[in-house]
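Any value given below was found using the heavy atoms of this structure, including those in side chains, with hydrogens, waters and symmetry copies removed. Throughout, residue positions are numbered sequentially from 1 according to the sequence presented.
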Amino acid sequence: MDVAAELARCETTADRYRVQIEAENELSPAEIAALHAAASELPEPSRAWVDKLAAMCRRIRDPIQPFRRRALGPGVSFLEGSAAPGAPRALVVAFTGVAQRMMLPLAPFLQGLPADRCDVVVLRDPNRLAFLAGLPGYAPDLPALAARLAADLPMDRYAGRYCIGASSGGAAALAFGPLVGARIALSLGGLHPRCMALRGAPAEIDRYVFERLREAGPRAATRLVCAHGADFLRDCVRSRLLAMTVPGSEVLVVRSVALHGVVAGLFLRDALARFLEQVLLDGALPADGAWQP
């Protein structure tokens with residue numbers, strides 16, 4: 001998207017906020033850095049916005065991670081990292097929450113992942129049905145999503161696959177991980193779809209579809225983890241209830257975090273990059289089940 005051009009066409013504050021939110025959900029760290037370098041060309045009210053986004057990225061990691069973004073389909077973004085041809089790399093599949101993001105704008109979240117180690121697929125469910133009905137226009141359910149990604153990406157180049165989901169995307173990540181042979185599937189402040197409001201959902205939607213997938217498929221070696229901030233009571237309860245419904249899953253408490261979905265709390269503790277590398281990519285979970293930022 002040409003953010004500068006779209007902002008220039010905005011006639012109201014609401015229009016400007018809409019464009020900025022869309023940009024936050026789509027632009028990579030490199031795209032934010034380029035937009036910031038040309039901030040003088042933006043309408044004055046948007047300059048502070050892009051300053052803040054660029055500062056968030058720099059706070060997480062330096063230098064800017066050179067992910068290259070392209071759309072695979074509606075609601076599906078592929079962020080290709082910088083690993084050399086033939087070098088081992090991982091594939092991270094991220095399921096966003098109701099706000100269509102991983103609890104942070106996309107660029108800061110991606111800054112937490114090393115581009116020389118991984119490529120990232122970011123999934124957004126525009127109907128906000130927690131991926132129970134797949135991704136409209138791309139895949140009607142999670143098995144079809146696994147098949148579609150295998151067709152769209154050179155899966156044989158990935159030495160490992162990893163799934164992560166935030167909030168209403170957490171349960172989908174746990175269900176999807178075993179379908180693609182992920183080493184770990186990580187839910188951040190996730191909850192069971194039965195507990196979600198899912199406003200506008202059709203009456204016939206199956207809120208137990210993920211259980212049926214697990215029952216129908218073979219037992220996989222994927223490590224299933226339900227993480228929550230230690231000081232956010234609602235996530236404590238919901239994450240533990242979710243873990244109780246997913247056979248073989250474990251609970252990970254993230255100490256000193258008091259925000260929903262863990263990610264923003266880790267950002268404020270300057271610990272997001274370390275968490276994503278240690279817990280998600282390296283699978284280095286503490287033996288006592290509590291991770292310290």
Side-chain angles (χ1 to χ4, degrees), residues 75-76 90-98 102 120-125 127-136 138-153 155 158 160-198 201-228 235-253 261-262 279-281 283 285 289:
V76 185
L91 178 66
V92 175
V93 181
F95 291 80
T96 60
V98 170
M102 297 295 293
V120 185
V121 173
V122 179
L123 306 170
R124 303 177 188 86
D125 180 358
N127 292 336
R128 294 171 170 80
L129 297 178
F131 303 94
L132 292 170
L135 285 161
Y138 189 77
D141 53 34
L142 292 190
L145 174 61
R148 182 70 185 269
L149 288 178
D152 287 349
L153 297 175
M155 301 296 281
Y158 296 114
R161 301 166 193 172
Y162 307 81
C163 292
I164 184 171
S167 189
S168 62
L174 297 180
F176 189 71
L179 295 178
V180 294
R183 294 181 180 177
I184 188 170
L186 178 62
S187 165
L188 302 176
L191 64 161
H192 193 283
R194 181 65 182 85
C195 304
M196 298 179 194
L198 299 183
E204 67 274 12
I205 194 165
D206 183 359
R207 292 174 182 257
Y208 295 91
V209 66
F210 299 152
E211 277 86 350
R212 302 187 206 292
L213 283 177
R214 282 189 286 269
E215 292 167 0
R219 180 75 66 180
T222 302
R223 191 170 189 181
L224 306 171
V225 181
C226 298
H228 67 82
D235 277 6
C236 294
V237 174
R238 288 178 170 178
S239 292
R240 290 174 184 274
L241 288 174
L242 177 61
M244 291 170 63
T245 70
V246 181
S249 64
E250 57 192 288
V251 173
L252 176 65
V253 177
V262 179
V279 175
L280 181 65
L281 296 181
L285 278 73

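One finds the OG atom of S239 at 10.0 Å from the CG atom of L252 (value rounded to the nearest 0.5 Å). To the nearest 0.5 Å, atoms SG (C195) and CZ (R238) are separated by 7.0 Å. For the atom pair CD1 of I205 and CE of M196, the computed distance is 10.0 Å after rounding to the nearest 0.5 Å. In this structure, CD1 in I184 is found 9.0 Å from OH in Y162, a value given to the nearest 0.5 Å. Interatomic distance, CZ of R194 versus CD of E211, reported as 11.5 Å (0.5 Å rounding). How far CD1 of I164 is from OG1 of T96: 12.0 Å, rounded to the nearest 0.5 Å.
For the ring pair (Phe, Tyr, Trp, His ring centres under 6.0 Å) test, residues two or more places apart in sequence or in another chain that qualify with F131 are F95.
With R207 contributing its side chain and P193 its backbone, the two residues share a donor-acceptor pair below 3.5 Å. With hydrogens and angles ignored, the 3.5 Å screen pairs a side-chain donor or acceptor of R128 with a backbone N or O of V98.
Contact of the P247 side chain with the R214 side chain is registered, since non-hydrogen atoms from C-beta on lie closer than 4.5 Å. Side-chain atoms of L188 and H228, non-hydrogen and from C-beta on, never get closer than 4.5 Å to each other. Looking only at side-chain heavy atoms (C-beta outward), L145 and F176 come within less than 4.5 Å of each other. When side chains are defined from C-beta on, V93 does not count as touching V180, because their heavy atoms never get closer than 4.5 Å. Taking 4.5 Å as the limit, every side-chain heavy atom of C163 sits out of range of all side-chain heavy atoms of L186. Between L213 and Y208, every side-chain heavy-atom pair lies at or beyond the 4.5 Å cut-off. Inter-residue side-chain proximity for V253 and R240 is flagged as met; some heavy-atom pair is nearer than 4.5 Å. Residues L198 and L132 meet the side-chain proximity criterion, which asks for heavy atoms closer than 4.5 Å.
When L224, T222, L242, V225 are each tested for a side-chain contact (heavy atoms from CB on, under 4.5 Å) with S249, only one passes: L224.
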Please determine whether ring-ring contact (aromatic ring centres under 6.0 Å, His included) holds for the pair H192 and F210, giving the CA-CA distance in whole Å, both sets of side-chain angles, and the decisive distance to 0.1 Å.
CA-CA 10 Å; H192 193 283; F210 299 152; 8.1 Å; no
Please report the C-alpha distance between R161 and V92 in whole Å, then the side-chain angles of each, then the deciding distance to 0.1 Å, and finally whether the side-chain contact (heavy atoms from CB on, under 4.5 Å) criterion is met.
CA-CA 6 Å; R161 301 166 193 172; V92 175; over 6 Å; no
Evaluation steps, side-chain contact (heavy atoms from CB on, under 4.5 Å), between D235 and S167:
CA-CA 9 Å; D235 277 6; S167 189; over 6 Å; no
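Note that R148 lies in the cation-pi zone of Y138, set by a 6.0 Å cut-off to the ring centre and a 45° limit from the axis.
When all heavy atoms of G165 and A173 are compared, the pair lying nearest together is N-CB, 3.5 Å. Between G283 and R223 the shortest heavy-atom distance is O-NH1, 3.6 Å. Annotation for G177 and A185: closest pair CA-CB, 4.2 Å, computed over non-hydrogen atoms. Between P178 and A175, the closest heavy-atom pair is CD-O, 3.6 Å. The two atoms that bring D125 and A130 nearest to each other are OD2-N, 3.4 Å, heavy atoms only. When all heavy atoms are compared, the tightest approach of S187 to G170 is OG-CA, 3.5 Å.
Residue-environment remark: CE (M155) exceeds the threshold of 12 foreign heavy atoms within 6.0 Å.
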